[in-house]
Amino acid sequence: MIKKFFSNTLFIKLSIGFATLIFLFAGYFISKLLFDLSVFSEFIFNFFLERFSYNLAYLASSIIGALGIISFVGLVLLIGSWVERRVIARFQIRVGPNRVGPFGLLQPLADAIKLMQKEVLVPDIADKLLFLIPPVAIFLPAILAWGPIPWGPNMSYLDINVGILYVFAVSSLTVPIIFFAGWSSMNHYALLGSMRTVAMMVSYEIPVSLSLLSVALVTGTLNFNEIVMWQSNNSIWLGLFIPFALFTFFFASTAEINRTPNDIAEAESEIVAGYHIEYSGMKAGLFMAVELGNAVLLGALISSLFLNGWFLFGIENLVPPYIIFITKTVFIYLLLIWLRATFPRFRLDQLMNFAWKTLIPASIIHFFVVAIEVSIISNFSEIPYLIVLFTVINISLVVLLAYLWGKIFHVQQYQPEKIQPRFAASIGGLEAMKEVSSID
Amino acid sequence: MATEDTYELNIGPQHPSTHGVFRIKVAMNGETIEDLDMIVGYLHRSMEKLSEERTFTQNIPFTDRADYLAAMSNNLGYCLAIEKIADVIPPQRATVLRVIFAELQRIASHAMANGTLVSDAGAWQTPLMYMFREREKILDLFEMTCGARLTTNYMRIGGVAFEPPDEFYAQLNSLLGELPDRVDEYMEMLSENEIFIARTKNVGIITPEDAINASLSGPALRGSGVPWDLRKAEPYCGYEDYDFEIPVGNIGDSYDRFMVRLFEVKESVKIIKQALNILPKGMHKTQIPLALRPEPDQVYFRTEGPRGELGYFVITDGGPAPYRMHIRAPSFINLSLLKKLATGSSLPDAVVTLGSIDIVVGEIDR
Amino acid sequence: MIEVNIYNAAFLLFSMITLLSAIGVAVINSLMRSLFLLIISFIGVASLFVLLSADFIAIAQLLIYAGSISILLLFAVMLTPEVSINNQNSKYFLFAALTGILFTYIMFLFISIFDINQLTGLSLDKLNFSNTIDKIGTLLLGKYIIAFELASILLLFALIGAISIVRSNESDFNIVATKIKGKK
Amino acid sequence: MTLNTLQLPGQELKNIIDSHFPAIISNFSLDWVEIPIDKYLEIITWMKENPEIDAAQLSNITGVDMIDTFEIHLHLQSLDLKKMYSIKVILDRENPVIPSLCSLYIGANLQEREIFDLLGINFDGHPDLRRIFLWEGFAGHPLRKDFLQMDDANPGLPRFPFEEAGKQER
């Protein structure tokens with residue numbers, strides 16, 4: 001009787017509901033407790049300040065903060081690879097990793113262990129020193145760029161005035177590192193990959209910088225926190241106010257961080273693995289981990305610059321703001337996974353053409369438009385809802401221009417009904433070719 | 001091969017987009033291919049020589065291994081050639097079953113070809129997985145019929161080896177019901193995808209004159225707009241009784257070859273539906289002598305395999321084994337134009353072109 | 001005596017990195033390796049700027065020198081097949097040594113003019129990251145607007161000059177010109 | 001045995017060829033005609049260019065070792081006329097040389113290399129006559145009937161290009 005009761009589905013449902021309630025209550029209290037993490041950082045700083053000098057306290061707290069960021073990034077790498085594989089598996093009607101640990105959650109760990117056990121191969125003719133440095137060095141920009149990210153109120157590690165420029169400068173260090181990785185391998189595929197990377201990154205840094213410039217122009221600052229605050233003060237998301245900048249930043253950044261559809265630097269069907277073809281074991285794993293970490297970093301940048309950071313319609317007062325921020329980040333990351341699961345890859349020349357002939361001129365024009373709008377807003381600040389008006393104008397302009405661009409440049413060439421095969425009326429060679437009926 | 005301005009790149013034998021142990025030695029200038037040399041033979045098993053030592057029936061498994069992605073079609077071509085030379089007439093039921101299985105194999109092979117083409121264009125295997133879904137179902141049908149999925153060894157001289165089980169027809173019907181929808185899904189997913197069009201449109205254009213002159217056949221020939229299909233031109237297995245159309249491409253680029261394959265899947269579904277309707281009752285195989293000894297003669301019998309004109313040239317001398325057997329391998333001969341197509345194009349374009357020609361290395365090397 | 005604190009330790013560390021890698025650039029035979037060390041030296045200079053509270057200059061150093069000039073140098077090295085194997089500076093050793101000694105002497109002369117005590121004794125709590133970008137922007141587009149514009153015009157001329165030098169074939173230029181005309 | 005649907009009977013093909021090259025065909029059967037090797041290239045060129053025959057495509061070319069002689073079998077086809085022509089050429093066993101069709105058909109290139117590789121028949125005028133399936137330096141031509149009796153051929157042993165017995169080099 002008792003056994004029967006426990007195996008009853010009703011009982012299971014009841015217990016699940018009960019557990020959910022407990023979990024919600026616990027979550028509420030925990031979130032109240034952990035609402036503002038700056039309490040902890042102040043506590044740490046004061047703890048050291050009471051016992052040691054200011055300098056040592058500064059050093060110790062900065063190291064602890066850096067450890068916090070590094071551990072977060074490490075956690076992201078572990079969970080992120082699992083998420084990516086599971087989500088892509090769902091896209092591809094597969095199950096994905098599900099054997100190691102619950103739901104396959106330990107699969108990244110198992111992968112890492114497997115990669116570490118592998119032999120580290122160094123090619124005979126490689127430049128040994130330059131070959132061994134890049135897999136380690138490539139972590140530097142990937143970690144450093146997390147510095148000024150605003151996780152929540154009073155929660156950014158580097159609250160500096162040059163935040164955007166800093167991220168931009170640090171991430172540009174990736175280019176020489178990847179180049180050295182490819183060059184030192186002494187492999188034609190690797191060299192091709194690294195040359196592609198350099199060409200692509202140098203081209204796409206321009207649209208990225210132009211889109212970030214318009215963000216700086218609108219908000220009047222380069223500080224991440226102030227950009228987030230500007231958005232909440234004016235109660236508008238920058239992604240809505242200047243949607244073209246968001247698009248440019250997103251697309252150009254996928255080229256910068258080597259994600260589909262712009263992953264031509266390690267295009268596996270063409271140049272096998274690109275710049276890291278000769279790296280084996282954990283070295284290759286490090287390159288892949290950095291690629292993943294950069295994708296999450298892109299999510300964090302977009303959510304702070306364009307999606308209003310830790311604010312979300314007042315929900316930030318109920319849940320810890322950093323949870324909202326991480327949710328937005330994960331949302332962008334899932335968008336990247338979606339792109340990766342659906343799109344083929346561009347060719348190098350197509351990508352460069354798009355950058356130089358479309359994206360850069362359009363960004364420059366967009367920059368001027370934004371400048372005019374900003375000057376209007378600052379000169380006629382007494383008119384209400386001016387920002388809302390410009391938001392509507394900007395969105396409709398972007399939609400209209402995208403439509404026109406497609407009409408003029410692209411769709412005329414490739415109308416689906418014109419390029420579909422036709423059915424042959426009769427069998428034969430060149431003579432019979434002349435009389436094929438059209439399809440319908 | 002490499003000059004002062006170029007450097008040498010080995011695409012293969014281990015390379016994701018060569019689809020097997022196939023090697024192209026390329027002289028590159030930057031990203032442009034200046035010259036190439038095709039090196040095959042890594043999978044050469046000397047099938048033609050081996051078959052001279054085995055009886056006609058024992059040779060059937062070799063044909064599986066020639067084109068391992070279209071084993072049924074290869075079985076069929078070989079059995080038809082031997083039946084022709086030995087004057088064996090298979091029962092009507094066997095002929096219809098052969099049509100069903102050959103067309104199923106064509107669908108499976110085209111799914112594989114198109115899926116890998118999209119992977120070569122850089123999609124992260126999602127279309128490949130989608131197309132493998134259909135291929136898996138077809139392979140399940142093969143498995144329940146003859147026990148094997150890849151190297152089926154199903155056709156026999158004078159019929160087919162086994163009668164399909166009863167549940168085969170139910171599963172086949174459900175598959176036929178969903179296949180046209182799936183094809184439409186791929187059309188939505190890929191044929192109107194801007195990036196895919198940009199990657200395949202105007203890439204690897206084969207003019208119809210070149211295609212005919214270079215002995216191309218199958219979707220590679222039809223993609224160039226030449227309406228040539230042996231099922232219509234030289235019907236075998238009663239293909240003249242079925243109602244189906246021949247899709248042909250517009251300009252002969254990679255996109256056209258892709259689309260021709262997609263449309264051919266739909267036509268194959270039509271053929272299978274008609275074949276199921278007219279499937280007669282009766283024997284699935286005639287009795288033939290254990291050691292078949294045809295009269296001294298020669299025959300060149302061609303069928304339309306998934307990759308093109310699959311010919312078996314057999315000479316007999318009255319013995320139990322062929323005196324000489326030559327396989328006209330469509331994959332091998334379709335490669336004739338590779339050098340012309342790839343020279344001057346960029347590496348990604350060459351990869352897509354190679355993928356659109358759809359080679360199977362087992363058939364190239366034999 | 002220089003006070004022992006974190007600031008000075010950091011200064012020592014960064015200047016050592018900068019100097020050692022700069023020496024390595026001159027000494028090491030492989031061009032690619034010396035290029036790599038040059039980038040490290042650029043990064044070291046950027047860190048020194050950070051210690052001077054010059055955040056914008058530091059970022060600019062990182063962005064322009066470590067990020068862009070290094071790529072330019074990479075291409076320069078890749079495109080010159082004759083020197084890409086080895087750094088052939090051993091020929092000019094005597095000349096280089098004389099220049100180095102002279103340069104060091106002049107540096108010491110300059111440093112000795114300033115009060116060295118002004119530079120030491122800084123500590124982290126005196127680091128003042130006030131908004132330097134505002135000031136730089138205001139100065140560049142206010143007081144020094146003419147110099148700024150002149151510099152940009154000079155750079156524009158340099159750009160056009162480089163293009164016209166590279167474009168040795170006059171006919172190419174004409175083709176482009178006719179194309180532009182034809183479009184109008 | 002019956003003819004394939006597209007196959008032009010040997011008799012008819014002989015008649016057409018006879019009208020342009022009188023008394024040149026020595027032998028024919030139900031499906032093939034035999035043409036002499038010295039007129040081979042001329043006849044094939046004519047067949048390709050003559051609209052009456054229009055042999056636009058070289059469907060298949062293969063060789064056979066007939067112990068005393070070599071035979072080359074050609075299967076040409078016209079897509080427009082929907083006809084296939086089967087041609088046979090007999091070659092000398094000791095010194096098998098035949099003009100290459102590469103100047104006429106691009107598709108002949110790989111197939112003739114295959115025949116050269118496996119049967120050792122030389123194609124005169126082939127732009128790139130090398131072994132294709134087997135490696136350079138392989139002794140003998142395996143599709144010859146006397147392959148196993150050849151002195152210098154060791155078909156069973158590992159004889160890859162850089163490989164000696166028990167030793168592998170890069």
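Because the structure is a prediction, the values reported are computed rather than measured.
The closest side-chain donor-acceptor pair between B:Thr63 and B:Asn74, if any, does not fall under 3.5 angstrom.
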When you look at D:Trp46 and D:His20, which way does the ring-ring contact (aromatic ring centres under 6.0 Å, His included) test go after all the steps?
CA-CA 9 Å; D:Trp46 171 79; D:His20 289 80; 4.6 Å; yes

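At a 4.5 Å heavy-atom cutoff, B:Tyr236 makes no contact with chain D through either its backbone or its side chain. Proximity to chain B is limited to the side chain of D:Leu118, based on heavy atoms less than 4.5 angstrom apart. Residue contact with chain D, scored on non-hydrogen atoms closer than 4.5 Å, involves the side chain of B:Glu52 exclusively. Contacts of B:Tyr42 with chain D are absent, with no heavy-atom separation under 4.5 Å from either backbone or side chain. Looking at D:Ile67, the atoms closer than 4.5 Å to chain B (heavy atoms on both sides) sit in the backbone and in the side chain alike. At a 4.5 Å heavy-atom cutoff, the contact between D:Asp65 and chain B is made by backbone atoms alone. With a threshold of 4.5 angstrom between heavy atoms, B:Phe313 approaches chain D through side-chain atoms but not through N, CA, C or O. With a 4.5 angstrom heavy-atom cutoff, D:Arg131 does not touch chain B via any of its atoms. The contact between B:Ala211 and chain D is made entirely by backbone atoms, counting heavy-atom distances below 4.5 Å. Proximity to chain B is limited to the backbone of D:Ile61, based on heavy atoms less than 4.5 angstrom apart. Looking at D:Met66, both its backbone and its side chain come within 4.5 Å of chain B, counting heavy atoms on both sides. Only the side chain of B:Ile315 comes within less than 4.5 Å of a heavy atom in chain D; its backbone stays farther off.
Contact record, D:Gln7 with D:Asp31: NE2-O, 3.2 Å, taken as the closest heavy-atom pair. Of all heavy-atom pairs spanning D:Ile53 and D:Tyr85, the tightest one is O-OH, 2.6 Å. Shortest non-hydrogen contact noted between B:Glu83 and B:Gly158 is OE2-N, 2.7 Å.
Checked against B:Pro330 for a side chain to side chain contact (heavy atoms under 4.5 Å, CB included), the options B:Pro306, B:Pro219, B:Ser217 give a single hit: B:Ser217. Test B:Lys25, B:Lys339, B:Lys340 against B:Asp35 for salt bridge (charged side-chain N to carboxylate O under 4.0 Å, His left out) and you get one pass: B:Lys339. B:Tyr78 pairs in a ring-ring contact (aromatic ring centres under 6.0 Å, His included) with only one of the listed residues (B:Tyr312, B:Phe301, B:Phe62), which is B:Tyr312.
Per-residue counts of heavy-atom pairs under 4.5 Å with chain B were compared for D:His75, D:Lys82, D:Gln111, D:Lys48; the largest is that of D:His75. Most heavy-atom pairs under 4.5 Å with chain B, from the set D:Ile132, D:Ile106, D:Leu58: that is D:Ile106. Interface remark: of the candidates B:His326, B:Arg366, B:Met38, B:Glu309, B:His326 forms the most heavy-atom pairs closer than 4.5 Å to chain D. Put simply, of B:Leu337, B:Leu216, B:Val226, B:Leu230, the one with the most heavy-atom pairs under 4.5 Å next to chain D is B:Leu216. In terms of heavy-atom pairs under 4.5 angstrom with chain B, the leader among D:Ala108, D:Ser29, D:Ala56 is D:Ala56.
Taking CH2 from D:Trp32 and CD from D:Glu34, the interatomic distance works out to 6.0 Å, rounded to the nearest 0.5 Å.
Judged purely by atom type and a 3.5 angstrom limit, B:Arg98 has no side-chain atom pairing as donor or acceptor with the backbone of B:Leu76.
Taking a 6.0 Å sphere around CD of B:Glu240, one finds it holds more than 12 heavy atoms contributed by other residues, nucleotides or ligands.
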